[in-house]
Amino acid sequence: MKQFISVNDVPDINRLAAKALQYKQQPLADKLLGSGKRIGLLFLNPSLRTRLSTQVAAANLGMEAIVFNVDKEGWALEFEEGAIMSGNTVEHIKDAAPILGSYFDVLAIRTFPSLKNKEEDYSEMYIQQFIKYAGVPVISLESATLHPLQSLTDIITIKERLDSLHPKPFTFKPKIVLTWAPHIKPLPQCVANSFAQWINKWGEADFIITHPVDYELDEQFTRGATITHDQDEALANADIVYVKNWSTFTDYGKLYENDPAWMLTHHKLSTTNNAGVMHCLPVRRNVELSDEVLDGKHSLVTQQASNRVWAAQAVLSEIIAEKYK
Ligand code: CP
(Lines give C-alpha, C1' and ligand atoms only; values in the text may rest on other atoms or scores of the structure.)
Protein backbone atom coordinates (compact mmCIF):
# COMPACT_ATOMS: atom_id res chain seq x y z
CA MET A 1 0.00 0.00 0.00
CA LYS A 2 1.40 3.38 -1.02
CA GLN A 3 -1.11 5.45 0.99
CA PHE A 4 -4.27 4.87 3.05
CA ILE A 5 -6.95 7.39 2.24
CA SER A 6 -9.90 5.14 1.40
CA VAL A 7 -10.86 1.54 0.75
CA ASN A 8 -9.66 2.08 -2.82
CA ASP A 9 -6.08 1.91 -1.51
CA VAL A 10 -6.67 -1.61 -0.17
CA PRO A 11 -6.10 -4.46 -2.65
CA ASP A 12 -7.68 -7.13 -0.40
CA ILE A 13 -9.86 -6.20 2.59
CA ASN A 14 -9.95 -9.72 4.02
CA ARG A 15 -6.16 -10.03 3.87
CA LEU A 16 -5.67 -6.68 5.65
CA ALA A 17 -8.30 -7.59 8.25
CA ALA A 18 -6.58 -10.96 8.83
CA LYS A 19 -3.28 -9.16 9.36
CA ALA A 20 -4.90 -6.86 11.92
CA LEU A 21 -6.31 -9.85 13.79
CA GLN A 22 -2.88 -11.53 13.72
CA TYR A 23 -1.41 -8.45 15.39
CA LYS A 24 -4.14 -8.68 18.02
CA GLN A 25 -2.82 -12.18 18.83
CA GLN A 26 0.85 -11.16 18.60
CA PRO A 27 1.25 -7.39 19.01
CA LEU A 28 5.05 -7.52 18.84
CA ALA A 29 5.37 -9.96 15.93
CA ASP A 30 6.98 -7.22 13.79
CA LYS A 31 8.56 -5.18 16.56
CA LEU A 32 11.61 -4.28 14.45
CA LEU A 33 9.78 -3.50 11.18
CA GLY A 34 9.62 0.24 11.88
CA SER A 35 12.94 0.52 13.68
CA GLY A 36 14.65 3.82 12.82
CA LYS A 37 11.46 5.15 11.18
CA ARG A 38 9.27 8.06 12.27
CA ILE A 39 5.62 8.84 11.71
CA GLY A 40 4.23 12.34 12.16
CA LEU A 41 0.65 12.41 13.44
CA LEU A 42 -0.85 15.75 12.49
CA PHE A 43 -4.15 16.76 14.06
CA LEU A 44 -6.25 19.68 12.92
CA ASN A 45 -9.08 18.40 15.15
CA PRO A 46 -9.51 16.65 18.51
CA SER A 47 -9.09 12.89 18.95
CA LEU A 48 -8.83 10.28 21.68
CA ARG A 49 -8.93 6.88 19.94
CA THR A 50 -7.27 7.70 16.63
CA ARG A 51 -4.36 9.52 18.19
CA LEU A 52 -3.56 7.02 20.94
CA SER A 53 -4.24 3.82 18.98
CA THR A 54 -1.95 4.96 16.17
CA GLN A 55 0.78 5.84 18.67
CA VAL A 56 0.47 2.38 20.25
CA ALA A 57 0.45 0.72 16.82
CA ALA A 58 3.62 2.57 15.82
CA ALA A 59 5.33 1.58 19.09
CA ASN A 60 4.40 -2.07 18.48
CA LEU A 61 6.26 -1.85 15.15
CA GLY A 62 9.29 -0.20 16.75
CA MET A 63 8.49 3.11 15.09
CA GLU A 64 8.64 6.53 16.71
CA ALA A 65 5.41 8.54 16.57
CA ILE A 66 5.46 12.30 17.08
CA VAL A 67 2.14 14.08 17.54
CA PHE A 68 1.65 17.65 16.37
CA ASN A 69 -1.65 19.38 17.16
CA VAL A 70 -1.51 21.67 14.16
CA ASP A 71 -4.71 23.48 15.09
CA LYS A 72 -3.39 24.51 18.53
CA GLU A 73 0.39 24.57 18.20
CA GLY A 74 1.14 25.23 14.55
CA TRP A 75 0.86 28.19 12.21
CA ALA A 76 -2.52 28.56 10.56
CA LEU A 77 -2.18 26.72 7.24
CA GLU A 78 -3.37 27.89 3.84
CA PHE A 79 -4.47 25.16 1.41
CA GLU A 80 -5.75 27.15 -1.62
CA GLU A 81 -3.46 27.21 -4.64
CA GLY A 82 -2.57 30.79 -5.57
CA ALA A 83 -4.05 32.24 -2.39
CA ILE A 84 -3.20 35.85 -1.57
CA MET A 85 -2.32 35.28 2.08
CA SER A 86 -3.42 38.62 3.47
CA GLY A 87 -5.91 37.01 5.91
CA ASN A 88 -5.53 34.74 8.91
CA THR A 89 -3.44 31.96 7.35
CA VAL A 90 0.31 32.22 7.99
CA GLU A 91 1.97 29.32 6.15
CA HIS A 92 1.09 27.61 2.87
CA ILE A 93 0.81 23.84 2.74
CA LYS A 94 3.19 24.02 -0.24
CA ASP A 95 5.88 25.23 2.17
CA ALA A 96 4.94 23.22 5.26
CA ALA A 97 4.25 19.76 3.79
CA PRO A 98 7.67 19.15 2.17
CA ILE A 99 9.34 20.13 5.44
CA LEU A 100 7.17 17.67 7.35
CA GLY A 101 7.96 15.09 4.68
CA SER A 102 11.68 15.62 5.29
CA TYR A 103 11.27 15.07 9.05
CA PHE A 104 9.12 11.92 8.80
CA ASP A 105 9.02 8.65 6.85
CA VAL A 106 5.21 8.56 6.96
CA LEU A 107 2.70 11.33 7.64
CA ALA A 108 -0.76 10.79 9.05
CA ILE A 109 -3.30 13.58 9.19
CA ARG A 110 -6.73 14.26 10.66
CA THR A 111 -8.93 16.97 9.22
CA PHE A 112 -12.66 17.54 9.46
CA PRO A 113 -15.09 19.06 6.94
CA SER A 114 -16.32 22.63 7.27
CA LEU A 115 -19.91 21.38 6.72
CA LYS A 116 -20.43 24.73 4.99
CA ASN A 117 -19.11 24.14 1.47
CA LYS A 118 -19.96 20.69 0.07
CA GLU A 119 -17.84 20.97 -3.07
CA GLU A 120 -14.77 22.00 -1.09
CA ASP A 121 -15.26 19.30 1.56
CA TYR A 122 -15.93 16.55 -0.98
CA SER A 123 -12.88 17.57 -3.03
CA GLU A 124 -10.80 16.53 0.01
CA MET A 125 -8.56 19.52 -0.60
CA TYR A 126 -6.67 19.34 2.74
CA ILE A 127 -5.54 15.74 2.52
CA GLN A 128 -4.98 15.94 -1.24
CA GLN A 129 -2.70 18.94 -0.77
CA PHE A 130 -0.71 17.04 1.87
CA ILE A 131 -0.36 14.09 -0.52
CA LYS A 132 0.71 16.41 -3.33
CA TYR A 133 3.43 18.22 -1.38
CA ALA A 134 4.62 15.87 1.40
CA GLY A 135 6.64 13.44 -0.72
CA VAL A 136 6.10 10.56 1.75
CA PRO A 137 3.21 8.09 2.21
CA VAL A 138 0.13 9.69 3.79
CA ILE A 139 -2.39 7.94 6.05
CA SER A 140 -5.82 9.43 6.73
CA LEU A 141 -6.68 9.69 10.40
CA GLU A 142 -10.14 10.88 9.19
CA SER A 143 -10.65 13.35 6.39
CA ALA A 144 -13.48 15.61 5.27
CA THR A 145 -15.55 12.72 3.90
CA LEU A 146 -14.04 9.40 5.06
CA HIS A 147 -12.58 7.60 8.09
CA PRO A 148 -10.84 4.52 6.68
CA LEU A 149 -8.97 3.43 9.84
CA GLN A 150 -12.31 3.38 11.64
CA SER A 151 -13.88 1.33 8.85
CA LEU A 152 -11.10 -1.28 8.82
CA THR A 153 -11.58 -1.54 12.59
CA ASP A 154 -15.31 -1.98 12.01
CA ILE A 155 -14.76 -4.84 9.56
CA ILE A 156 -12.45 -6.72 11.93
CA THR A 157 -14.89 -6.22 14.81
CA ILE A 158 -17.74 -7.57 12.66
CA LYS A 159 -15.61 -10.58 11.71
CA GLU A 160 -14.81 -11.26 15.37
CA ARG A 161 -18.50 -11.04 16.27
CA LEU A 162 -19.59 -13.39 13.49
CA ASP A 163 -16.79 -15.86 14.21
CA SER A 164 -17.71 -15.92 17.90
CA LEU A 165 -21.39 -16.73 17.22
CA HIS A 166 -21.22 -18.99 14.20
CA PRO A 167 -19.10 -22.10 13.93
CA LYS A 168 -16.73 -21.98 10.98
CA PRO A 169 -17.06 -22.27 8.10
CA PHE A 170 -20.26 -20.21 8.01
CA THR A 171 -21.90 -19.60 4.68
CA PHE A 172 -24.71 -17.18 5.51
CA LYS A 173 -24.62 -13.51 4.61
CA PRO A 174 -24.94 -11.43 7.78
CA LYS A 175 -27.45 -8.60 7.81
CA ILE A 176 -25.60 -5.38 8.64
CA VAL A 177 -27.64 -2.25 9.38
CA LEU A 178 -26.30 1.30 9.50
CA THR A 179 -28.84 3.41 11.36
CA TRP A 180 -28.95 7.17 11.72
CA ALA A 181 -29.19 8.43 15.30
CA PRO A 182 -30.20 11.77 16.81
CA HIS A 183 -27.56 14.27 17.93
CA ILE A 184 -27.48 17.79 19.30
CA LYS A 185 -25.46 19.30 16.44
CA PRO A 186 -24.68 18.61 12.78
CA LEU A 187 -21.87 16.06 12.44
CA PRO A 188 -19.73 15.07 9.43
CA GLN A 189 -20.84 12.24 7.14
CA CYS A 190 -17.33 10.69 7.24
CA VAL A 191 -17.92 7.63 9.41
CA ALA A 192 -21.19 6.71 7.69
CA ASN A 193 -19.75 7.32 4.18
CA SER A 194 -16.69 5.27 4.98
CA PHE A 195 -18.59 2.40 6.63
CA ALA A 196 -20.89 2.21 3.59
CA GLN A 197 -17.95 2.32 1.20
CA TRP A 198 -16.11 -0.50 3.01
CA ILE A 199 -19.12 -2.77 3.56
CA ASN A 200 -20.18 -2.39 -0.07
CA LYS A 201 -16.69 -3.20 -1.36
CA TRP A 202 -16.30 -6.08 1.12
CA GLY A 203 -19.48 -7.54 -0.39
CA GLU A 204 -20.02 -10.27 2.21
CA ALA A 205 -23.18 -8.87 3.84
CA ASP A 206 -26.74 -7.84 3.17
CA PHE A 207 -26.30 -4.16 3.86
CA ILE A 208 -29.20 -1.89 4.86
CA ILE A 209 -28.97 1.84 5.61
CA THR A 210 -31.86 3.44 7.51
CA HIS A 211 -32.34 7.13 8.19
CA PRO A 212 -35.08 9.78 8.29
CA VAL A 213 -36.25 11.44 5.09
CA ASP A 214 -33.67 13.97 3.77
CA TYR A 215 -30.64 12.29 5.39
CA GLU A 216 -29.55 10.49 2.20
CA LEU A 217 -25.78 10.07 1.98
CA ASP A 218 -23.69 10.53 -1.16
CA GLU A 219 -24.60 7.72 -3.58
CA GLN A 220 -20.97 7.18 -4.52
CA PHE A 221 -20.58 5.50 -1.12
CA THR A 222 -24.02 3.93 -0.56
CA ARG A 223 -24.58 2.39 -4.02
CA GLY A 224 -25.20 -1.32 -3.46
CA ALA A 225 -26.94 -0.91 -0.10
CA THR A 226 -30.69 -1.11 0.49
CA ILE A 227 -31.95 2.22 1.85
CA THR A 228 -35.12 2.56 3.92
CA HIS A 229 -36.72 5.22 6.12
CA ASP A 230 -38.34 2.48 8.23
CA GLN A 231 -35.93 1.75 11.07
CA ASP A 232 -38.04 -1.10 12.50
CA GLU A 233 -38.07 -2.88 9.14
CA ALA A 234 -34.30 -2.43 8.84
CA LEU A 235 -33.58 -3.79 12.31
CA ALA A 236 -35.59 -7.01 11.89
CA ASN A 237 -33.19 -10.01 11.93
CA ALA A 238 -30.11 -7.77 11.89
CA ASP A 239 -26.82 -9.38 12.96
CA ILE A 240 -24.93 -6.09 13.33
CA VAL A 241 -26.39 -2.63 14.02
CA TYR A 242 -24.04 0.32 13.47
CA VAL A 243 -25.34 3.51 15.05
CA LYS A 244 -24.20 6.94 13.87
CA ASN A 245 -25.48 10.45 13.44
CA TRP A 246 -24.72 12.42 10.30
CA SER A 247 -25.86 15.78 8.98
CA THR A 248 -27.69 16.25 5.68
CA PHE A 249 -25.75 15.78 2.45
CA THR A 250 -28.07 17.24 -0.19
CA ASP A 251 -28.86 20.53 1.58
CA TYR A 252 -25.40 20.33 3.05
CA GLY A 253 -24.46 20.14 6.72
CA LYS A 254 -27.88 20.65 8.34
CA LEU A 255 -29.62 19.01 11.26
CA TYR A 256 -33.28 19.14 10.15
CA GLU A 257 -35.14 17.06 12.65
CA ASN A 258 -33.81 15.29 15.64
CA ASP A 259 -36.57 12.83 16.42
CA PRO A 260 -35.55 11.03 19.67
CA ALA A 261 -37.53 8.03 18.41
CA TRP A 262 -34.49 7.20 16.24
CA MET A 263 -32.31 6.54 19.35
CA LEU A 264 -31.47 2.82 19.54
CA THR A 265 -32.97 1.19 22.63
CA HIS A 266 -32.97 -2.29 24.11
CA HIS A 267 -36.59 -2.69 23.04
CA LYS A 268 -35.74 -2.01 19.40
CA LEU A 269 -33.08 -4.73 19.48
CA SER A 270 -35.66 -7.39 20.37
CA THR A 271 -36.46 -8.06 16.67
CA THR A 272 -32.80 -8.41 15.69
CA ASN A 273 -30.83 -11.63 15.45
CA ASN A 274 -29.12 -10.96 18.80
CA ALA A 275 -27.38 -8.10 17.02
CA GLY A 276 -24.02 -6.72 18.08
CA VAL A 277 -24.23 -2.93 18.39
CA MET A 278 -21.42 -0.73 17.16
CA HIS A 279 -20.57 2.97 17.34
CA CYS A 280 -17.25 4.65 16.51
CA LEU A 281 -17.30 6.79 19.72
CA PRO A 282 -17.39 9.35 21.17
CA VAL A 283 -21.10 8.78 21.80
CA ARG A 284 -23.74 11.06 23.33
CA ARG A 285 -25.35 8.72 25.84
CA ASN A 286 -29.13 8.68 25.90
CA VAL A 287 -29.21 10.85 22.77
CA GLU A 288 -27.67 8.57 20.13
CA LEU A 289 -27.70 5.33 22.11
CA SER A 290 -29.35 4.46 25.41
CA ASP A 291 -27.34 3.54 28.50
CA GLU A 292 -29.04 0.15 28.54
CA VAL A 293 -27.67 -0.69 25.08
CA LEU A 294 -24.21 0.75 25.64
CA ASP A 295 -23.83 -1.03 28.98
CA GLY A 296 -25.63 -4.21 27.92
CA LYS A 297 -24.67 -7.52 26.32
CA HIS A 298 -25.27 -6.33 22.74
CA SER A 299 -22.63 -3.59 22.90
CA LEU A 300 -19.39 -4.07 20.96
CA VAL A 301 -18.18 -0.49 21.36
CA THR A 302 -15.26 -1.12 23.74
CA GLN A 303 -14.02 -4.09 21.71
CA GLN A 304 -14.44 -1.98 18.57
CA ALA A 305 -12.44 0.96 19.95
CA SER A 306 -9.69 -1.33 21.26
CA ASN A 307 -9.41 -2.85 17.78
CA ARG A 308 -8.31 0.54 16.46
CA VAL A 309 -4.73 -0.41 17.46
CA TRP A 310 -4.67 -3.53 15.27
CA ALA A 311 -6.19 -1.79 12.27
CA ALA A 312 -3.62 1.02 12.51
CA GLN A 313 -0.80 -1.49 12.99
CA ALA A 314 -1.82 -3.51 9.92
CA VAL A 315 -2.00 -0.37 7.77
CA LEU A 316 1.31 1.03 9.04
CA SER A 317 3.09 -2.28 8.50
CA GLU A 318 1.83 -2.48 4.90
CA ILE A 319 2.94 1.09 4.19
CA ILE A 320 6.40 0.57 5.69
CA ALA A 321 6.85 -2.78 3.93
CA GLU A 322 5.88 -1.21 0.57
CA LYS A 323 8.13 1.83 0.96
CA TYR A 324 11.19 -0.02 2.17
CA LYS A 325 10.94 -3.30 0.23
N1 CP B 1 -13.67 7.14 16.50
C2 CP B 1 -12.73 8.09 16.51
O3 CP B 1 -12.15 8.44 15.48
O4 CP B 1 -12.47 8.57 17.75
P5 CP B 1 -11.55 9.85 18.05
O6 CP B 1 -12.25 11.03 17.42
O7 CP B 1 -11.49 9.94 19.55
O8 CP B 1 -10.21 9.65 17.43
Side-chain angles (χ1 to χ4, degrees), residues 4-7 17 20 24 39-60 65-73 106-115 121 124 126-127 138-158 160-161 178-181 183-199 217 221 240-247 264 276-285 287-289 293-294 299-316:
F4 187 73
I5 306 303
S6 83
V7 75
K24 187 166 184 172
I39 180 169
L41 305 179
L42 312 177
F43 286 86
L44 282 83
N45 303 95
S47 168
L48 185 153
R49 281 145 290 269
T50 306
R51 171 178 167 157
L52 295 172
S53 64
T54 311
Q55 282 182 281
V56 173
N60 286 345
I66 295 179
V67 175
F68 183 34
N69 294 310
V70 182
D71 57 332
K72 297 184 186 70
E73 297 153 1
V106 180
L107 283 173
I109 175 162
R110 165 170 279 199
T111 68
F112 277 175
S114 66
L115 291 183
D121 287 345
E124 291 284 10
Y126 286 19
I127 202 156
V138 172
I139 295 174
S140 169
L141 300 172
E142 189 169 355
S143 65
T145 66
L146 294 170
H147 197 350
L149 279 175
Q150 181 66 54
S151 305
L152 174 58
T153 304
D154 299 338
I155 295 261
I156 67 178
T157 307
I158 289 168
E160 284 184 316
R161 171 73 173 183
L178 169 63
T179 180
W180 185 91
H183 204 276
I184 59 152
K185 61 178 189 177
L187 292 189
Q189 294 113 29
C190 314
V191 171
N193 283 344
S194 196
F195 186 72
Q197 188 189 42
W198 280 70
I199 297 296
L217 293 162
F221 305 118
I240 298 287
V241 180
Y242 200 104
V243 180
K244 186 72 186 85
N245 171 270
W246 61 87
S247 58
L264 193 71
V277 175
M278 300 174 66
H279 187 289
C280 62
L281 305 181
V283 63
R284 296 259 179 175
R285 280 177 173 256
V287 176
E288 292 175 84
L289 261 168
V293 174
L294 280 164
S299 176
L300 301 179
V301 298
T302 306
Q303 177 187 344
Q304 183 185 358
S306 69
N307 282 339
R308 292 290 306 265
V309 171
W310 319 117
Q313 193 166 335
V315 168
L316 259 179

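What you see is a predicted model, and the numbers here were worked out from it, not measured in a lab. Ligands are counted one by one from 1 in listed order, and the atoms in each one are counted from 1 as well.
Interface atoms of ligand 1 facing His147, defined by a heavy-atom separation under 4.0 Å, are 2 (C), 3 (O). Of all the atoms in ligand 1, the ones that sit under 4.0 Å from a non-hydrogen atom of Gln150 are 1 (N), 2 (C).
Residue Lys185 places its NZ atom among 12 or fewer non-hydrogen atoms of other residues, nucleotides or ligands, all under 6.0 Å distant.
With respect to atom 4 (O) of ligand 1, the closest heavy atom belonging to the protein is Arg49 NE, 2.9 Å. The nearest heavy-atom contact from the protein to atom 6 (O) of ligand 1 is Arg110 NH1, 2.9 Å. In this structure, the protein non-hydrogen atom closest to atom 7 (O) of ligand 1 is Leu48 N, 2.7 Å.
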From CA spacing to verdict: side-chain contact (heavy atoms from CB on, under 4.5 Å), Leu149, Ile139: CA-CA 9 Å; Leu149 279 175; Ile139 295 174; 4.2 Å; yes
Worked check of side-chain contact (heavy atoms from CB on, under 4.5 Å) between Asn69 and Arg51: CA-CA 10 Å; Asn69 294 310; Arg51 171 178 167 157; 3.5 Å; yes
Test side-chain contact (heavy atoms from CB on, under 4.5 Å) applied to Ile155 and Trp198, step by step: CA-CA 8 Å; Ile155 295 261; Trp198 280 70; 4.2 Å; yes
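Residue Leu281 touches ligand 1 through its backbone alone, judged by heavy-atom distances below 4.0 Å.
At under 3.5 Å, a nitrogen or oxygen of Cys280, whether backbone or side chain, sits near a nitrogen or oxygen of ligand 1.
Inter-residue side-chain proximity for Gln189 and Ser247 is flagged as met; some heavy-atom pair is nearer than 4.5 Å. Here the side chains of Glu160 and Lys24 are in contact, with some heavy-atom distance below 4.5 Å.
Across the listed options Arg308, Gln304, Glu142, Arg308 owns the non-hydrogen atom lying nearest to atom 2 (C) of ligand 1.
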